[in-house]
Amino acid sequence: MERIDQIKKEFFEHASQVSMPEQLENLRVRFLGRKGKVTEAFSMIKDIAPEIRPRFGSGLNQLKKELEAHYEELKKRLEDSAENDDMLDVTLPGRKTFPGRRHPLLKIADEIKDIFHSFGFTIEDGPEIETDHYNFEALNIPKSHPARAMQDTLYITEDVVLRTHTSPVQIRVMEERKPPIRMIAPGRVYRRDTPDATHSPFFHQVEGLVVGESVTFADLKGVIQAFAHRMFGKDARVRFRPSFFPFTEPSAEYDVWFNGRWMEISGAGMVHPNVFRAVGIDPEKYSGYAFGMGIDRVAMLKYDIRDIRLFFDNDMRFLRQF
Amino acid sequence: MKISYNWLKEYLDIDLSPEDLAEQITNAGLEVEEIITTVQAVNNVVVGKILSCEKHPDADKLSVCQVSDGKDTYQVICGAPNVAAGQSIPFAMVGAKLPVGLKIKKAKIRGVESMGMICSREELALEEHSEGIWALEDAPEAGTDFNEVLRKKSDVIFDLFITANRADCFSHIGIAREIAAFVGKEVRLPQFSLIEKSSRGIEQALSVKIEYKEGCPRYAARVIENVTVGPSPDWLVERLEAVGLRSINNIVDITNYVLYELGQPLHAFDYDTIEGAEIVVKGSKSGDTFVTLDDKERKLPENTVMICDAQKPVAIGGIMGGQNSEVSADTKTVLLESAYFDPRHIITSSRQLGLMTDASQRFEKGTDYAGVLFALDRAAALIAELGKGQVLQGFIDIYPEPIKETRVKLDLSRVNKILGSGLSDKEITELLSRVHLHYIKGEVTVPSYRHDIKQDIDLIEEVARLKNYDNLPTSVIEPLSLEQPIRNRELSYQAMRDALTRTGLQEVFTNSMISARQIIRFEEKEAVRILNPISDDLAYMRQSLFSGLLPVVSYNLNRHQKMIPVFEIGRIFNKSDGELPEQPTRVALALCGLRAPFNWAQKEEPVDFFDLKGILEDFFNEIHLDKVEFILYSDSSFYRKHHAAEIRINGKIAGTCGEINKETRKRFGINQPVFGAELDFELIEKNMKRELKYQTIPRFPYIEKDVAFVVDKTMAAEEVMGMIRKYGGRLLSDLHIFDIYEGEKIAAGKKSIAFRLRFQSLERTLKDSEVEHVFRKIIKKAESIHGIPIRDQ
């Protein structure tokens, strides 16, 4: 029986030292494991005098229960302290994810596309290197027009140019399809401009074209007004001024009142009858309007960017802001 | 073009502020680029009268003046050589602040007190440099606020951008007509009387023949004799300066003045240089040359309109006069030309000559063919007056086929049909008549100066313009129409950009024009070259998006960016035999620097090939593209040898990916590894799955088995995987590589690849024995057929 007291004493001595999970495990193995002291004591039963055997047996059983209970309690205490006593430095920065972002200019192009798509416009595409025919001739821009001069247009051959506007897409679509037509065509265009803060030799436009049986100048004003509200907010006012483009008449420039000033967005007008004739659409039966807008310009306005070159330097510190 | 407000007032009674006038001009469709005010107001400056003027006792160049402001007399020291008693002058009193920034204080100059300053024009910011003080002519009485004098001198200059169609607006009369239409007033043409003082008739002095009427439909002339060539009077110099011209001499100044007044270019010849008293208008032959008055010998393009005398050409018609017949200080008799040249001829010759002048710019857009004689007489009268010449009796006007007035048919109902407006017929015709477009019985007669009005739409534009665009109705846009689906191309474009940004790539947007050094190509195709590039740096069209991406990598590395994962979607260009170059779209990406942003919890690791490949696999996965293969790509002209793959989609080559070779990246100034891929947008688009169908999720448990094979180091993992899949059959549902080992524990030249195989069925729970059977089969066949042993444990 002294053996039982001794095991118990030893167990509690060790138990009082336990502060780590490994120590607890050692304690278990040493006393309660397969070769542990309690198990060992049980195997001694057969060598014990029969008269004290029952008492010894029940004493041992009680010891085992007592030690196991204490073990479980220690275990729980340890687990609790592992859960609660470990303080995290929550001020350390987290592990970053790094999704990429869309280019700011193309984000604006996406917005413009979404707006016009919601107005029922299709989204079209055309080549960036164009024939003289599509870029000029079919748009009522005769050979003698100043825009065709070598100082403004980049030529590949005498009859092939880097398109100077997205308007050739109008012609390609009108050749392909019968009215009614309601389309926009975003894309890159080129001019022979030396780069500076406000000029880039390549920039981006969205062309719009609507052709139908009773399309009017009032519709054109309506669509631009609606676009301005969606793009620049409900307070955006639009102003139309007379202007001149060979492929529209009447022609207009339109400005949007944004951030306290009138900002020129681009040109628009009713499709010139000569343009309709060139693609075989009867100008007596159909009428239409066309408009263009500078994507770079809209993006510069919206983001308050003063230097167009920022878009094309592609500095990660710039691109990551949008 | 510059327009002077003062000058404009000669033809139109207007009393609008410069801002209001600018608004009217803008509404007319002429863009005001700048408003420049020429005179600034002054304070404490009055008209002063010099009562006396004596030498300063201690300074030779200074004078001591007594100046009256009408009430009191002040002593003022003046250094100007032209100061004299009796003059009326601008007198800046003590306390005045001048526009040039000068503050006038009481002063002592060489011991003599000075109570103010006598001003020059320079000090009042009226001119750049003055020689002396400003002695006023017709001065108001002493004491008058000087701003009253300045007001007469002050002017507002409008710098206008005039669109190519409005040739008639390139003059003060033209602008006055436009403003008049908007403010409801009438324009006054300049008033003058031309007295033909000479006793000679012009037929005694000159004959004119047009031999090239296609180029010159009308030629008129006058001769003025006994002319004194000399400086122009102040008013003329001021007018010309206001519009940015320099005064040359009275004769040339008058032709320029009339040009800016009426828009009709004129040319003055020295009559005595004209041989045979004859002008013949001819077309040039190829090879002809001519020395223009800027002393340049010019090769004439064929069919240039040439003004000739009996012997030789004396001017390029409508473009520039000749050196041989220029008006000089010695000119006694002036031959004055006023003509109408054919716009197309002028445009062609001017372009071919590379010579643009004030005259050619107007002729090429079309001048007022009916206004030729009025301008001729206006200039002749001015030459008679200012050059003290005598105008010969009569004039010459050769006009073989008078140009017919343009008449345009107009159906009034079409106006509202195009504009969406509800204007009455009366209002439409009234609006048109404001710009002298008179509607009579379905037809409108067009004034001779309006070359831009040719068909009904041009008249409809006039109505819209005069009504003011902002006063025309605006429709409310129709609600969403569902008939317009987004095209596949656009959908694919958006899906690809979504997928690429999700993998962590930043979208960039680069120039498609590049330098010869930037050219990168994957096919043997020639680059498209620009005939007239802005510079050598922008002379070619890119043949690969890498031409733009590598500079982006380099740019950001130079700015100490540590993580550069980028992509771009855009067109590339290859020369082709077709009408236009090939312009396919490409998707390209580049990776350089660190794998993840700097963070305390992660190690800084550079990207490698498998980051690139992982992104590509994720990308393909995201856009639902299967049947993609990566095959070793051995061309090392762009990629590092044996570090690149060709990508095939459904067996078709869709692009390449890999580590860019050292030579290429060094060319772009990049000193660390860069990985990249370029793919064919159209091919991907064609193979993208658009209709997604649900796949059953397995319900039954799986069994996993691991095995490692020892293979030759050069053997592709894909090959071993193919073999395992083949023998694994339907029960093998997944296969992963979890370890690659090379080293001392296995034979040299070999590597061990460890696989985890997952067996699973959609229909039932698999039995251990059947999985074991398949697993054993794979190992056995690998050994017996492929000679691939498993790694010893």
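Throughout, protein chains are lettered first and strands after them, A, B, ... in sequence-line order, and every chain is numbered starting at 1.
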Engaged part of [X] at the chain A interface, taking heavy atoms whose separation is under 4.5 Å:
X        : answer
B/Asn27  : backbone
B/Leu580 : side chain
B/Tyr493 : side chain
B/Leu500 : neither
B/Val528 : side chain
B/Asn599 : side chain
B/Pro565 : both
B/Val566 : side chain
B/Gln494 : both
B/Phe509 : both

For the pair [X] and [Y], find out whether any cationic side-chain nitrogen is under 4.0 Å from an anionic carboxylate oxygen.
X        : Y        : answer
A/Arg317 : A/Asp315 : yes
A/Arg177 : A/Glu124 : yes
A/Lys107 : B/Glu507 : no

Is any side-chain heavy atom of [Y] closer than 4.5 Å to one of [X]?
X        : Y        : result
A/Ile295 : A/Val206 : yes
B/Asp456 : B/Asp411 : no
A/Thr164 : A/Tyr190 : no

So which residue, [options], ends up with the most heavy-atom pairs under 4.5 Å with chain B?
options                                : answer
A/Gly100, A/Pro201, A/Pro283           : A/Gly100
A/Pro195, A/Pro104, A/Ser214, A/Pro273 : A/Pro273
A/Thr194, A/Val160, A/Leu92            : A/Leu92
A/Pro242, A/Gly222, A/Gly94            : A/Pro242
A/Met270, A/Lys113, A/Glu158           : A/Lys113
A/Asp110, A/Ile224, A/Leu105           : A/Asp110

Which one wins on heavy-atom pair count under 4.5 Å against chain A: [options]?
options                                : result
B/Arg502, B/Glu490, B/Gln602, B/Arg529 : B/Glu490
B/Arg344, B/Arg166, B/Met563, B/Glu568 : B/Met563
B/Asp498, B/Asp452, B/Val463           : B/Asp498
B/Gln455, B/Lys417, B/Glu579           : B/Gln455
B/Glu462, B/Arg465, B/Arg489, B/Met513 : B/Met513
B/Ser512, B/Ala464, B/Pro343           : B/Ser512

Interatomic distance, A/Phe202 atom CZ to B/Ile534 atom CD1 [nearest 0.5 angstrom]: 10.0 Å

Spacing of OG1 belonging to A/Thr248 relative to CG belonging to A/Leu209, to within rounding of 0.5 Å: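 If I round to the nearest 0.5 Å, the distance is 11.5 Å.
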
A/Lys221 side chain vs B/Leu472 backbone, donor-acceptor pair below 3.5 Å: yes

Main-chain N/O of B/Lys467 paired with B/Asn471 side-chain donor or acceptor, under 3.5 Å: yes

Can you tell which part of [X] gets under 4.5 Å to a heavy atom of chain B, answering side chain, backbone, both or neither?
X        : result
A/Glu213 : backbone
A/Val223 : both
A/Leu162 : side chain
A/Asp159 : neither
A/Ser251 : both
A/Arg237 : neither
A/Glu130 : both
A/His204 : side chain
A/Ala252 : both
A/Val215 : backbone
A/Ser287 : side chain

So, [X] versus [Y], ring centres under 6.0 angstrom or not?
X        : Y        : answer
A/Phe311 : A/Phe322 : no
A/Phe217 : A/Tyr289 : no
A/Phe247 : A/His272 : no
A/Tyr254 : B/Tyr469 : no

Closest approach of A/Ile171 to A/Val275 (non-hydrogen atoms, all atoms of both residues): CD1-CG1, 3.7 Å

Shortest non-hydrogen contact between A/Arg163 and A/Arg188, atoms and distance: NE-O, 2.8 Å

A/Trp257 six-ring centre to A/Arg239 NZ/CZ under 6.0 Å and within 45° of normal: no

Ring pair (Phe, Tyr, Trp, His ring centres under 6.0 Å) against B/Phe573, all qualifying residues, sequence neighbours excluded: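 Expected list: none.
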
Residues A/Asn314, A/Leu319; criterion side chain to side chain contact (heavy atoms under 4.5 Å, CB included); working and verdict: CA-CA 6 Å; A/Asn314 291 295; A/Leu319 298 175; 3.9 Å; yes

